[in-house]
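Quick notes on the structure that follows.
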There are 2 protein chains.
Amino acid sequence: MQPLQRKRQAFPLDMLAVNRASGEHLSRQLYHGLVAIIRNRTLAPGSELPSTRALAAELGLGRNTIVSAYDQLVTEGYLANRQGARPVIVDLPDGPREAPAEAPPVPLRSPSRRGEELLSQPCHHGTPGRFAFHPGMPDAASFPFGVWGRLVARRASHGETLFGTYEVTGHPALKQAIAGYLFSARGVGCRPEQIVITTGAQAAFDLLARLLLDPGDPVWMEEPGYYGAKAAFTVAGARIVPIPVDQERGWRLDAPDPAPRLIYVTPACQHPLGITMRMEERLRLLDIAETGNSWVIEDDFDGEYRFQGRPVPAIQSMDRSGRVIYVGTFAKLLFPALRLGFMVLPPELAERIANALSTTGQFAPLVLQAALADFITEGHMSRHLKRMRRIYAQRRQLFRFVVEERLGREMTLSPAEAGIQVVGYLRPGIDDIKVSHAAGRRAINVSPLSKYFQNTAPTQGLVLGYAACNAAQTIEGVDRLAMAIRETLS
Amino acid sequence: MQPLQRKRQAFPLDMLAVNRASGEHLSRQLYHGLVAIIRNRTLAPGSELPSTRALAAELGLGRNTIVSAYDQLVTEGYLANRQGARPVIVDLPDGPREAPAEAPPVPLRSPSRRGEELLSQPCHHGTPGRFAFHPGMPDAASFPFGVWGRLVARRASHGETLFGTYEVTGHPALKQAIAGYLFSARGVGCRPEQIVITTGAQAAFDLLARLLLDPGDPVWMEEPGYYGAKAAFTVAGARIVPIPVDQERGWRLDAPDPAPRLIYVTPACQHPLGITMRMEERLRLLDIAETGNSWVIEDDFDGEYRFQGRPVPAIQSMDRSGRVIYVGTFAKLLFPALRLGFMVLPPELAERIANALSTTGQFAPLVLQAALADFITEGHMSRHLKRMRRIYAQRRQLFRFVVEERLGREMTLSPAEAGIQVVGYLRPGIDDIKVSHAAGRRAINVSPLSKYFQNTAPTQGLVLGYAACNAAQTIEGVDRLAMAIRETLS
């Protein structure tokens, strides 16, 4: 014991007091005490620590407890072991360094210019828990969670085959199921290998923008148009060229100058107006794309919900030259929090896409892909879709009726017959942003139509999701909305 | 009937023959026939169609069948309705246009320059179904799928609250659970709001590269280093500056010129070497970052699996100035196909990140987030982790033993004591790429160490995942690997 006795003055044994009543392991308590001694330079770099035997005796601890703490300090580089000698405190470059409870107010590294652009895009995800009219929101109460839970559970409980590495472009069974669904429901003919599963449509737009656009490239966007896609093209550096769309005149596709590098359209159910692109416009669009050698992104976010006649076939089905990329989502067919979407790529791009996906990490959990494949192939999706078409048609009709009755003078609903949202045009003098704020205070979540305009003077209106509201909610919601509108007028 | 009779020569009734035995609805068959007549210009634009009554009589069909087909053609823009008159064929701009069975060999729109870069990155996801040694692969047979399936099923079956819009930065319950886990297991102190859930670590790297880097920015990367992160920084336009790392000398952090904008490190368990950054190196790294005002990404992909002593605390816990971004993944703790990871951001960046996530669409399914939160808070993760530490420690020991016995002359395993993969250094004259190909032909999936070098002459070696192999598989796998190595020598 003599060596330690002699050093007693110098060695801060009191900093190594352990508390046997605390839940923490004794060697861990010792470790923390030694770290403090080293970091605070209570002992200078180069000092020898006591031998494990001596320290154990001094502290009344087992020798293994000391060995374990010393080993950890050696591993982390606080101590250096020398052959046959006692461990020595390493000369650490910068004295004490303790994490502050809160980050201190020092000047911080800022994001990149590109990062600032990304961080400045609008966050276009609605406030959860609002009472009514969230645009694009399907009905939760009608979803067959029993069936879905059973399918997910089956796959999750026997997950050995859905465990490790897999095709980053998507689960083959799901691609097969989607290809079959697309052919029968949307007229899209493609091989399963052309399908890429994504974590939703927005992830597809972001990836496509990076794949297809260089900074400065002109991109045609509908005006009004979907701001989510616009944000993805904007952060990719695209120059957005607005293509006017309205209820009466449809898509105004004039001779392009310069040719667009990419054209983004929502032909089955225009976002947000809900109108459908006519055959003449589809053919003109494809002609423009062929002439300018442009890519076309067909966003079919809502094309299944058409309440008169059948869904209109996709433009992709008319494409002769492999330039139309079809993007779909299960956010409306199933539900948004599922985070599954897909794109149909031309074969040449499909063959190479795995490398890009592997780099961006934008691929989806396997268990949900497998469960969704089951949901489709076992017929649950088409049953659900058929049922929801009927329910939504009724709700749409009631919604129209109630709005006409209680808001007929302030707002005119678009006659468009597709989609689970509908545009209400406000009469002149009513400000849609003011209305949406006033509505928000009443837990009514509507989008101002002006938000969908970026380059031209906006039409004042509201984008209203009627699909998630039963009769009582519809009536209550329209009443609240009416109060909100009248508040802005008084 | 006279009007139709008179036009009989001109109107191609034979193209409208329906087949009552086919499963297709009669109005749909009629629709297809009429589309063909219009698209092929069998009838010229401007021609009137027969009245619904006349055509119904002629074809022996109900009048509603004709009305439904005409309505659909009007919706899609093939026909124009005129008040009180028969519908007229629209003059479509470009004659027939039918989707070909296969895309024709016309010149295609190419990707952007940025897209070419993305498509040219290596696809770093292994071949599924290989027999042994896939780097970084945890053990499927030991995963508690029963518990996991039950937790997922509970959330999926009662999904009403996990249905619609939600916080794009992640499920609050999961953030809370991760914050607790990080504090106790990794020494990372953060508030739940600083945590962002991502679809895996790679998605975090890709997003951070876009947020923090502009083209040309210098980024320090370990050499050898993780090629996935390197790919993300490369496509963001970064200039990669290699920081040499090796078994003996550790991280060689020399005075930087110019200062790095970002430093990417794997301090707890270097990828791929498995060594641990010592305290002196950690402090020097933080000094360099503070001096140059650089961001630091700490990729803690494997830090929980340390087989001597405790896991080493994260660098994030020593950061005084909010510049270290900690990235974690559940790919090793749970399993890769789960696709869940997270990052811990400085508060200033965390506050703004929702806008960027909303634009990139890189956010994760809610049901899996909720189930994972349950898995952590109900104690299943720490039990699983404790069990796997024991199992992997045994497997690691057996693996070392078998390799030494059967491959001792050809390969020396790294002594590093962390992670679920281990590096075997090949003796001079053995080519690691040739070996990995020869091994692949025997269903043995190993990574050549040279793949992790980008800028300097590579060390020849193999990165071997031992964790997913039981004793029999380990012995069989090493035997196959030995055959592969000997094949390359003969």
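By convention in this document, chain letters (A, B, ...) are assigned in the order of the sequence lines, proteins followed by strands, and residues within each chain are numbered from 1.
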### Summary
From the list A:Glu280, A:Arg282, A:Arg284, side-chain contact (heavy atoms from CB on, under 4.5 Å) partner of B:Leu92 resolves to A:Glu280

#### Entry: B:Ser120 side chain reached by A:Asn355 side chain, heavy atoms, under 4.5 Å
no

### Summary
One option among A:Pro215, A:Ala468, A:Ala236, A:Ala289 has the most heavy-atom pairs under 4.5 Å with chain B, and it is A:Ala236

#### Entry: Heavy-atom closest pair, residues A:Arg114 and B:Ala209
NH2-O, 4.1 Å

### Contact class of B:Leu208 relative to chain A, heavy atoms under 4.5 angstrom
neither

### Query
chain B heavy atoms under 4.5 Å from A:Leu73: which part of the residue, side chain, backbone, both or neither?
neither

### Message
Closer than 3.5 angstrom, by distance alone: can the side chain of A:Ser157 be matched with the main-chain N or O of B:Gly149 as a donor-acceptor pair?
### Response
no

### Query
Looking only at heavy atoms, what is the nearest atom pair of B:Pro111 and A:Arg352, with distance?
CG-NH1, 4.5 Å

### Query
With only heavy atoms counted, which part of A:Phe143 is less than 4.5 Å from chain B, the side chain, the backbone, both or neither?
side chain

### Task
Describe, in one word, how the ring planes of A:Phe145 and B:Phe163 are oriented to each other, choosing from parallel (under 30°), tilted (30 to 60°) and perpendicular (over 60°).
perpendicular

### Query
Checking heavy atoms, do the side chain of A:Asp214, its backbone, both or neither come under 4.5 Å from chain B?
both

### Message
Do B:Val367 and A:Leu338 have side chains that approach each other closer than 4.5 Å (heavy atoms only, starting at C-beta)?
### Response
no

### Message
Counting heavy-atom pairs under 4.5 Å with chain A, which one of B:Gly341, B:Ala156, B:Ala364, B:Ala141 comes out on top?
### Response
B:Ala156

### Task
Examine whether an atom of A:Val312 lies under 4.5 Å from a heavy atom of chain B, and if so say whether it belongs to the side chain, the backbone or both; otherwise answer neither.
both

### Query
Checking heavy atoms, do the side chain of A:Gln72, its backbone, both or neither come under 4.5 Å from chain B?
side chain

### Query
Heavy-atom distance under 4.5 Å to chain B: side chain of A:Tyr31, backbone, both or neither?
side chain

#### Entry: Option that, when pairs with chain B are counted at under 4.5 Å, heavy atom only, ranks first among A:Ser112, A:Ala153, A:Gly77, A:Gly115
A:Ser112

### Message
Looking at every non-hydrogen atom in both residues, tell me the closest pair between B:Thr199 and A:Phe363 and how far apart they are.
### Response
CB-O, 4.4 Å

## Note on the structure
Here the gap from A:Gln362 atom CD to B:Thr198 atom OG1, rounded to the nearest 0.5 Å, amounts to 11.5 Å

### Query
Who among A:Gly146, A:Ala204, A:Pro138, A:Ser68 has the most heavy-atom pairs with chain B under 4.5 Å?
A:Pro138

### 4.5 Å side-chain heavy-atom contact, A:Thr75 and B:Arg306
yes

### Query
Quick one: what part of A:Arg154 sits under 4.5 Å from any heavy atom of chain B, side chain, backbone, both or neither?
neither

#### Entry: Minimum-distance pair of heavy atoms, taken over all atoms of A:Glu76 and B:Pro313
OE2-CD, 3.0 Å

### Task
Go through A:Leu119, A:Leu212, A:Thr276 and name the one with the most non-hydrogen pairs under 4.5 angstrom from chain B.
A:Leu119

### Engaged part of A:Arg28 at the chain B interface, taking heavy atoms whose separation is under 4.5 Å
side chain

### Part of A:Thr360 lying under 4.5 Å from any heavy atom of chain B
both

#### Entry: Distance, nearest 0.5 Å, that separates OG of A:Ser110 from CG of B:Leu349
10.5 Å

### Task
Compare all side-chain heavy atoms of B:Leu118 with those of A:Arg210 and state whether any distance is below 4.5 angstrom.
yes

### Query
Would a distance-only check, ignoring hydrogens and angles, find a side-chain to backbone donor-acceptor pair under 3.5 Å from B:Trp148 to A:Gly159?
no

### Distance-minimising heavy-atom pair for A:Gly361 and B:Arg339
O-NH2, 3.7 Å

### Message
What I'd like to find out is whether the side chain of B:Leu368 reaches to under 4.5 Å of the side chain of A:Pro365, using heavy atoms alone.
### Response
yes

### Query
Closest approach of A:Gln121 and B:Thr359, non-hydrogen atoms and distance?
CB-OG1, 3.1 Å

### Query
So what's closer than 4.5 Å to chain B heavy atoms on A:Leu79: side chain, backbone, both or neither?
backbone

### Task
Select, from A:Met279, A:Arg278, A:Arg150, the one with the greatest count of heavy-atom pairs under 4.5 Å involving chain B.
A:Met279

